[in-house]
Amino acid sequence: MADTIDHGTLSRLVEAGAVQGAHIIGQPGGWSIMVRYGAHERPLAAQRSRNIRLFRRFETLVSYLKGVGIARFDVDAASYDPAAATRRPDRSAAMKRANAAVAYDDWFRERLQASIDDPRPSIPHEQVKAKFAAKREALRQRIVAQ
């Protein structure tokens, strides 16, 4: 979103003394920040998505503002609706899948390295194919005999 400011910009504006005020606006599910500086008023952007940042808890927002150096602000809670808060998806299942994938990758690499390090001579592919073709044929013969 082009009309937002990010955390770094907000920090530099506060350091320069350019921030004239902050307006906290209640939203369905949380709180957003409008920052006034110069002739502009822009919302704070989320770090990754560049969408408007939404704080779920008011206490978190206050801590954030105090951390960047803004201790005074006004609040508009008219549109705030805590019941509209959407929960973040449970990350535990995704983390378990990621850990399982890493464990499998480690196991696979160990098995591959063990095969590479095996001192026994390799068996040619054609010889292996012939051996298993003979085993399949013997199995077919036993099935037909039953």
Side-chain angles (χ1 to χ4, degrees), residues 1-137 139-140 143:
M1 183 173 262
D3 292 277
T4 60
I5 62 170
D6 61 12
H7 171 75
T9 303
L10 177 58
S11 296
R12 288 188 295 278
L13 287 169
V14 170
E15 275 181 31
V19 174
Q20 298 164 339
H23 184 65
I24 309 309
I25 303 170
Q27 308 282 331
W31 305 92
S32 63
I33 304 171
M34 293 293 289
V35 180
R36 287 189 307 272
Y37 60 98
H40 304 285
E41 184 174 53
R42 300 242 165 82
L44 180 67
Q47 190 173 14
R48 290 183 188 94
S49 68
R50 302 293 300 161
N51 293 326
I52 294 173
R53 182 165 180 185
L54 191 67
F55 291 83
R56 304 243 186 266
R57 295 182 54 223
F58 191 76
E59 296 81 8
T60 305
L61 176 128
V62 172
S63 295
Y64 173 80
L65 287 175
K66 287 181 78 175
V68 293
I70 300 173
R72 298 180 74 83
F73 46 86
D74 57 89
V75 178
D76 177 0
S79 298
Y80 177 65
D81 181 8
T86 56
R87 293 183 50 87
R88 287 184 176 173
D90 183 13
R91 297 295 302 150
S92 66
M95 291 303 292
K96 286 177 185 173
R97 285 192 303 274
N99 287 335
V102 168
Y104 175 79
D105 189 58
D106 290 346
W107 171 84
F108 183 78
R109 288 175 188 276
E110 287 172 10
R111 298 294 299 179
L112 182 62
Q113 191 61 50
S115 177
I116 291 169
D117 295 342
D118 189 341
R120 295 177 291 180
S122 297
I123 302 171
H125 180 67
E126 293 303 318
Q127 187 179 343
V128 172
K129 280 176 55 176
K131 179 180 177 180
F132 280 93
K135 284 186 171 193
R136 278 192 305 276
E137 186 56 36
L139 181 60
R140 281 191 194 106
I143 291 171

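- Scored by the ring-ring contact (aromatic ring centres under 6.0 Å, His included) test, Tyr64 finds His7, Phe55 as partners (sequence neighbours excluded).
- The neighbour count for Ile116 CD1, taken as heavy atoms of other residues, nucleotides or ligands under 6.0 Å away, is above 12.
- Considering only residues two or more places apart in sequence or on other chains, Val62 meets the side-chain contact (heavy atoms from CB on, under 4.5 Å) condition with Phe58, Lys66, Phe73.
- Residues in residues 28-37 take part in these salt bridge (charged side-chain N to carboxylate O under 4.0 Å, His left out) pairs, two or more places apart or across chains: Arg36-Glu41, Arg36-Asp74.
- For Arg72, there are no side-chain hydrogen bond (donor to acceptor under 3.5 Å, both in side chains) partners two or more places apart in sequence or in a different chain.
- Under the rule for a salt bridge (Lys or Arg N to Asp or Glu O under 4.0 Å), the partners of Arg109 that lie at least two apart in sequence or sit in another chain are Asp105.
- Here salt bridge (charged side-chain N to carboxylate O under 4.0 Å, His left out) pairs that include residues 4-29, with residues two or more places apart or in two chains, are Asp6-Arg50.
- Listed by chain and number, the residues in a side-chain hydrogen bond (donor to acceptor under 3.5 Å, both in side chains) with Arg120 are Asp118 (sequence neighbours excluded).
- Residues satisfying the salt bridge (Lys or Arg N to Asp or Glu O under 4.0 Å) test with Glu110, not counting sequence neighbours, are none.
- Checked against side-chain hydrogen bond (donor to acceptor under 3.5 Å, both in side chains), Tyr80 has no partners two or more places apart in sequence or in another chain.
- Gln113 meets the side-chain hydrogen bond (donor to acceptor under 3.5 Å, both in side chains) test with Asp117; sequence neighbours excluded.
- Counting heavy atoms from C-beta on, the side chains of Leu44 and Ile52 never come closer than 4.5 Å.
- Every residue meeting the side-chain contact (heavy atoms from CB on, under 4.5 Å) condition with Glu137, not counting sequence neighbours, appears here in chain and number order: Arg140, Gln141.
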Mind listing the side-chain donor-acceptor pairs of residues 128-136 below 3.5 Å, one per line with the distance, residues two or more places apart or on another chain?
none

